[in-house]
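Below, chains carry the letters A, B, ... as their sequence lines are ordered, and counting in each starts from 1.
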Amino acid sequence: MLEIRKIRENTEELIERLNLRGGDFSYLHDVVKWDEKRRSMLQEIEKLKRIRNEVSKKIGVLKRTGKPVSEPMATVEKAKSQIAVFEEDIRRIETRIQDALLNTPNVPHSNIPPGQDEEDNRLVRSVGEPRTFDFEVLPHWDIATALDILDFERAAKIASSRFVVYKGDGARLERALINFMLDLHRDKHGYKEILLPYIVNYDVMVGAGQFPKFVDDAFKLVDERNLYLNPTAEVPGINMHREEILSADDMPISYTAFTTAFRQEAGSAGRDTRGILRQHQFNKVELLKFVTPETSYEENDKMLGHSEAVLKALGLPYRVVELCAGDLGFAMAKTYDIEVWLPSYEGYREIASISNAEDYQARRANIKFRRKRGAKPEFVHTLNGSGLAVGRTLVAILENFQNEDGTVDVPEALKPYMQLEKIK
RNA sequence: GGAGUAGUACUCAAGUUGGCUGAAGAGGUGCCCCUGCUAAGGGCAUAGGUCGGGUUAAACCGGCGCGAGGGUUCAAAUCCCUCCUACUCCGCCA
């Protein structure tokens, strides 16, 4: 959430930068006007409440001494009825301001590339050479079906389309990847491993920036408690510390979490219908950090390195792009995507996303920190990154390490976890 | 699912015939004294958070605030309602 005070002070500049996302954010002018109105009404209300409090106190004293109280009681009565009128008005205007702010995305960082969609993303670097094949490469769903390690038909029977059953070495490869990634981030990169609930409540979705705007993307439970299936570990993860004031001594706080993510993929009908690139349910190892504002971009770059380390260890060719303003997620000020080379696709596909939300999520979830004892609390910056999307990593392994005879080599780093040289 | 108890500040905890308690007390924490050092002892300090006003910045003023949200009342931590959480017992269960 954006800070109303900042909007008030830099209205034009903020609108200009937000407009880079595509869209018209000039309604923030109205929000500023509503806020002015709100503050002047608030002052009236507070004046009246002060009268009410003071006179009420006096009534107590008068009563104890047996003096008449009908006159001061009339004063309070009058103040109260005025308060009620003002409060009705202020509630209405506060709702309007709140709605506008909750539906306004984060301001893109000043040096990110302009542009509308992924075409305008900026290439940061490419790492690793795509392998050349002297046979015809197969897409991962053909490889996996032939090896009988992924089963789409039975998954559809059990649930619906966009689900998959992993079998045999396929299931083992998924599990190996999860363990490998968690171990790497814990042992080499200093993250604390956490295992989170798969179900989250409405407020948590608001805190992470999913709601209210993207309710349709989530799976809602039929339950009077207003619960949803976790769409990504970022949501429960960032909310680990909601309504908390952290100590600067404990920061940065770094978590790595394996979760299963659930998404409606409502706007993606017809896209990536074959294979497991886009599923309603998928596994992901996530990286999360709570950092002080002045270190957040440095920490964000480190996190990018931690994600890249997974691909490097597995020997998968990839590239890093910096998202342009138009391609940026709702809550994020800056995002790097890591795209892995997929031979069947003859191109790079997203496998990880590493973002800095600055204080946007911290405001929504009310996560603060104190620099030292007695210091005024400030909002933290929150970072999140994939480390990596597990299903898509499995896809990349199947496709990049496929052999002409239909077998798939197990990457060196996974051999201890798979205890297997080759999937055949 | 049934029955019950509780939720006050960093922690523990007083406060329920509504007003003089924004909140006793203890611990903790910080600073100082004492002691050769440590321990023990003594002194002082320490009510946060948030919203609004105010200030160059503070100071300062006010609203809210005793799990959350409503209500009763001139006035609520104290009375009423709903919800959340924790704990205990029973039932069920991986």
Exercise. B:rG19 and B:rA24: how far apart are their P atoms, nearest whole angstrom?
Worked result: 16 Å

For this session: State plainly whether the residues A:R363 and A:E3 are in salt-bridge range, i.e. N to O under 4.0 Å.
Result: yes

Exercise. Atom NZ of A:K376 to atom C1' of B:rU50: distance rounded to whole Å?
Worked result: 9 Å

Seminar exercise, completed: Quick note, A:S56 side chain, CB onward, closest among B:rC51, B:rG48, B:rG19 is B:rG19

Exercise. Taking the P atom of each, how far is B:rU11 from B:rG52, in whole Å?
Worked result: 27 Å

Seminar exercise, completed: Here the distance between atom P of B:rA75 and atom NZ of A:K49, to the nearest Å, is 12 Å

Problem set entry | Nucleotide B:rU50, atom C1' - distance to CD of A:E46 in whole Å | 11 Å

Seminar exercise, completed: Of the listed B:rG62, B:rA75, B:rU50, the closest approach to the A:K80 side chain comes from B:rA75

Exercise. With rounding to whole Å, what would you report as the distance between B:rC79 and B:rC66 at their P atoms?
Worked result: 14 Å

For this session: Measure from the side-chain heavy atoms of A:R52 and tell me the nearest of B:rC64, B:rG52, B:rG22.
Result: B:rC64

For this session: With P as the reference atom in both, quote the distance from B:rU5 to B:rA58 in angstrom, rounded to an integer.
Result: 49 Å

For this session: Using the C1' atoms only, state how far B:rU16 lies from B:rU35, rounded to an integer number of Å.
Result: 49 Å

For this session: Please determine if A:R364 and A:E243 form a salt bridge, counting it only when a charged side-chain N lies under 4.0 Å from a carboxylate O.
Result: no

For this session: Assert yes or no for the condition that the ring centre distance of A:F282 to A:F262 is strictly below 6.0 Å.
Result: no

Exercise. Taking the six-membered ring for Trp, is the centroid-to-centroid distance between A:F214 and A:F330 below 6.0 Å?
Worked result: yes

For this session: Ignoring backbone atoms, establish whether A:R38 has a side-chain N or O less than 4.0 Å from OP1 or OP2 of B:rC51.
Result: no

Problem set entry | Check ion pair A:D99-A:R96 (N to O, under 4.0 angstrom) | no

Exercise. OP1 or OP2 of B:rC64 sitting under 4.0 Å from any side-chain N/O of A:N53?
Worked result: yes

Exercise. B:rA75 and B:rG54: how far apart are their P atoms, nearest whole angstrom?
Worked result: 30 Å

Seminar exercise, completed: Annotated structure of RNA chain B as dot-bracket, pair cut-off 3.5 Å, Watson-Crick or G-U only, | for inter-strand, is ((((((((.[[[..)...(.....]]]((((((.......))))))..(((((......)))))..[[[[[..)....]]]]])))))))....

Exercise. In whole Å, what is the span from the CD atom of A:E94 to the C1' atom of B:rU50?
Worked result: 13 Å

For this session: Looking only at side-chain atoms of A:R39, point me to the closest of B:rU50, B:rG53, B:rC51.
Result: B:rG53

For this session: Could you tell me whether A:K368 contacts a base, only the sugar-phosphate backbone, or nothing, with contacts defined as non-hydrogen atoms closer than 4.0 Å?
Result: sugar-phosphate

For this session: Report the nucleotide, chosen from B:rC74, B:rG62, B:rG49, that has the shortest atom-to-atom distance to any side-chain atom of A:R50.
Result: B:rG62

For this session: Name the nucleic acid region contacted by A:R225, choosing base, sugar-phosphate or nothing; use a 4.0 angstrom heavy-atom cut-off, strictly under.
Result: nothing

Problem set entry | Protein-nucleotide distance (A:D249, atom CG; B:rU29, atom P), rounded to Å | 15 Å

Problem set entry | A:R278 side chain near A:S268 side chain, heavy-atom distance below 4.5 Å | yes

Problem set entry | Residue mapping more 5' on RNA chain B - nearest nucleotide basis, A:K58 or A:L42 | A:K58

Exercise. When the distance from CZ of A:R363 to P of B:rC51 is rounded to whole Å, what number comes out?
Worked result: 9 Å

Exercise. Which whole-number value in Å describes the distance from A:Q43 CD to B:rC64 C1'?
Worked result: 15 Å

Exercise. Contact class for A:I59 vs. all strands (heavy atom < 4.0 Å): base, sugar-phosphate, or nothing?
Worked result: base

Problem set entry | Separation of the C1' atoms in B:rG65 and B:rG4, to the nearest angstrom | 30 Å

Seminar exercise, completed: Ranking B:rG49, B:rG22, B:rG63 by distance to the side chain of A:K57, first place goes to B:rG22

For this session: For the pair A:F219 and A:H280, name the ring-plane relationship: parallel under 30°, tilted 30 to 60°, perpendicular over 60°.
Result: perpendicular

For this session: Salt-bridge test for A:E88 and A:R92: reply yes if a basic N is under 4.0 Å from a carboxylate O, no otherwise.
Result: yes

Problem set entry | Euclidean distance for P, B:rU72 against B:rG27 (whole angstrom) | 44 Å

For this session: Measure the acute angle between the ring planes of A:Y191 and A:H189, then classify it against the limits of 30° and 60° as parallel, tilted or perpendicular.
Result: perpendicular

Problem set entry | Euclidean distance, atom CZ of residue A:R370 to atom P of B:rG30 [Å, nearest integer] | 15 Å

